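Structure first, commentary second.
Predicted model, so just to flag it, every value in this text is computed and none were measured.
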Amino acid sequence: MLIISLTWYEITSLVLTIVIVYYVAFLLWKMYSIIYFKKKLDSYMRPLKVVVAEKIDITKLLIDLCRKNNIDTGNVIPRNRLSSVDPSMTISSFYKETDKFFRKLYRSVSTIENIGFAKELATIKKFADENSALYNQVVEDYNSNLGGYNYWVNFIIGRWLVKLCKFKKRESIY
């Protein structure tokens, strides 16, 4: 039988080394997880911007259709307002504002009984509904990954490393 005799400082240094190795391994795993979720969240921003641009185009199509048929759009939205974006607006708030303008304009002209106009209006409405469904899907995917990202950013162990790397909690999109 082999008996190993270690002194108290050798045992302490061995235990301390094991704890430090586990801590460093956990920090590496934490940083990997944060970077993984950050990349996934960033990958959703491009499709989100495309969906917003499509919503703007759909709204412009509706405005142009109304102007082509000499329908007064009233004070719903001027066409050039869609081109200027307030820098303080988030993507989701800009999408919602554009969607609100689209729906308001659609409601104001949907009662017109011109057959050609009604067909084109139905087509534009179909595009708008598909766009809204796509927006909701992208936002749902973004928010589902946001939970994982925020979990690792807010996890108490290794928070100093997160602050050092300047990772910040992100807000969900509605």
Side-chain angles (χ1 to χ4, degrees), residues 1-62 77 80-104 106 124-174:
M1 175 181 263
L2 181 65
I3 298 177
I4 300 175
S5 65
L6 298 172
T7 61
W8 67 270
Y9 58 87
E10 290 174 329
I11 294 173
T12 305
S13 65
L14 181 63
V15 169
L16 191 59
T17 302
I18 291 172
V19 168
I20 289 173
V21 167
Y22 276 120
Y23 182 72
V24 169
F26 177 77
L27 289 179
L28 290 174
W29 176 255
K30 179 178 181 170
M31 293 308 293
Y32 168 78
S33 297
I34 289 173
I35 291 169
Y36 171 78
F37 281 113
K38 184 179 183 314
K39 284 181 181 178
K40 284 190 85 162
L41 292 176
D42 291 343
S43 73
Y44 289 115
M45 294 315 288
R46 187 173 185 163
L48 194 59
K49 290 176 183 177
V50 169
V51 169
V52 171
E54 285 178 353
K55 186 59 150 190
I56 292 170
D57 291 342
I58 291 168
T59 306
K60 286 179 180 179
L61 274 174
L62 183 57
I77 182 173
N80 60 358
R81 169 66 176 99
L82 292 172
S83 303
S84 62
V85 179
D86 181 11
S88 66
M89 288 182 105
T90 62
I91 290 176
S92 63
S93 63
F94 184 72
Y95 180 87
K96 287 178 184 176
E97 182 179 313
T98 306
D99 189 53
K100 181 178 80 173
F101 288 136
F102 174 83
R103 302 229 179 263
K104 185 176 178 184
Y106 178 80
I124 291 174
K125 176 69 169 135
K126 179 182 172 194
F127 289 149
D129 290 342
E130 289 172 359
N131 180 269
S132 294
L134 187 59
Y135 174 80
N136 290 334
Q137 180 183 0
V138 171
V139 166
E140 181 181 320
D141 291 344
Y142 177 89
N143 287 339
S144 68
N145 286 298
L146 183 67
Y149 174 82
N150 284 339
Y151 172 80
W152 285 109
V153 167
N154 292 327
F155 198 79
I156 197 156
I157 298 174
R159 194 174 287 171
W160 61 271
L161 186 58
V162 171
K163 288 182 180 180
L164 183 69
C165 294
K166 298 181 181 175
F167 290 116
K168 295 180 180 170
K169 181 181 177 192
R170 291 190 182 185
E171 297 298 321
S172 59
I173 299 175
Y174 298 105

Hey, can you tell me if Tyr44 and Tyr142 have their rings parallel, tilted or perpendicular (30° and 60° cut-offs)?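 Judged by the thresholds at 30° and 60°, the geometry between Tyr44 and Tyr142 is perpendicular.
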Quick one: salt bridge (charged side-chain N to carboxylate O under 4.0 Å, His left out) partners of Lys38, sequence neighbours excluded?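 Partners of Lys38 under the salt bridge (charged side-chain N to carboxylate O under 4.0 Å, His left out) test: Asp42.
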Counterpart residues, salt bridge (charged side-chain N to carboxylate O under 4.0 Å, His left out), relative to Lys163 (two or more places apart):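 Once residues adjacent in sequence are excluded, Lys163 has no partner under the salt bridge (charged side-chain N to carboxylate O under 4.0 Å, His left out) criterion.
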Test side-chain contact (heavy atoms from CB on, under 4.5 Å) applied to [X] - qualifying residues, sequence neighbours left out:
X: Lys169; result: Asn150, Asn154
X: Asn136; result: none
X: Phe127; result: Ile58, Thr123, Glu130

Can you name the ring-ring contact (aromatic ring centres under 6.0 Å, His included) partners of Tyr32, sequence neighbours left out?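 Tyr32: ring-ring contact (aromatic ring centres under 6.0 Å, His included) contacts with Trp29.
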With sequence neighbours excluded, tell me which residues meet ring-ring contact (aromatic ring centres under 6.0 Å, His included) with Tyr135.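 Partners of Tyr135 under the ring-ring contact (aromatic ring centres under 6.0 Å, His included) test: Tyr95.
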Going through the distances and angles, do Val52 and Lys55 end up as a side chain to side chain contact (heavy atoms under 4.5 Å, CB included)? CA-CA 5 Å; Val52 171; Lys55 186 59 150 190; 5.5 Å; no
Measuring from atom [atom1] of [X] to atom [atom2] of [Y], what distance do you get when rounded to the nearest 0.5 angstrom?
X: Arg46; Y: Lys49; atom1: CZ; atom2: NZ; value: 9.5 Å
X: Thr59; Y: Ile124; atom1: OG1; atom2: CD1; value: 9.5 Å
X: Tyr151; Y: Phe37; atom1: OH; atom2: CZ; value: 10.5 Å
X: Ser33; Y: Leu28; atom1: OG; atom2: CG; value: 10.5 Å
X: Phe102; Y: Leu62; atom1: CZ; atom2: CG; value: 5.0 Å
X: Leu146; Y: Ser172; atom1: CG; atom2: OG; value: 6.0 Å

Phe155 and Phe26 aromatic centres sub-6.0 Å: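 Between Phe155 and Phe26, the centre distance is under 6.0 Å.
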Non-neighbouring partners of [X] that pass side chain to side chain donor-acceptor pair (under 3.5 Å), sequence neighbours left out:
X: Lys125; result: Asp129
X: Tyr149; result: none
X: Glu54; result: Asn131
X: Ser43; result: none

For Ile173, run the side chain to side chain contact (heavy atoms under 4.5 Å, CB included) check against Val138, Thr90, Leu48, Ile91 and tell me which one passes.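 Only one option passes, and that is Leu48.
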Any side-chain to backbone donor/acceptor pair from Lys30 onto Val162? Under 3.5 Å, distance only.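 Absent.
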Looking only at heavy atoms, which two atoms of Val153 and Lys168 are closest? And how far apart?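 Scanning both residues completely, I find the closest heavy atoms to be CG1-C, 4.1 Å.
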Which pair of heavy atoms, one from Ile56 and one from Phe94, lies closest together, and at what distance?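 Taking Ile56 first and Phe94 second, the nearest heavy atoms are CD1-CE2, 3.1 Å.
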Using side chain to side chain contact (heavy atoms under 4.5 Å, CB included), reason through Phe167 and Leu161 one step at a time and then give a plain yes or no. CA-CA 9 Å; Phe167 290 116; Leu161 186 58; over 6 Å; no
Run Ser132 and Arg103 through side chain to side chain contact (heavy atoms under 4.5 Å, CB included) and show every step you take. CA-CA 11 Å; Ser132 294; Arg103 302 229 179 263; 3.2 Å; yes
Does atom OH of Tyr36 have more than 12 heavy-atom neighbours, drawn from other residues, nucleotides or ligands, at distances under 6.0 Å?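 It does not: Tyr36 OH has 12 such atoms or fewer within range.
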Name every donor-acceptor pair, under 3.5 Å, that has one atom in a side chain of residues 10-20 and the other anywhere in the protein, sequence neighbours excluded.
{"unit_1": "Glu10", "atom_1": "OE1", "unit_2": "Thr7", "atom_2": "N", "d": "3.0"}
{"unit_1": "Glu10", "atom_1": "OE1", "unit_2": "Thr7", "atom_2": "OG1", "d": "3.4"}
{"unit_1": "Thr12", "atom_1": "OG1", "unit_2": "Trp8", "atom_2": "O", "d": "2.7"}
{"unit_1": "Ser13", "atom_1": "OG", "unit_2": "Tyr9", "atom_2": "O", "d": "3.1"}
{"unit_1": "Ser13", "atom_1": "OG", "unit_2": "Glu10", "atom_2": "O", "d": "3.0"}
{"unit_1": "Thr17", "atom_1": "OG1", "unit_2": "Ser13", "atom_2": "O", "d": "2.6"}

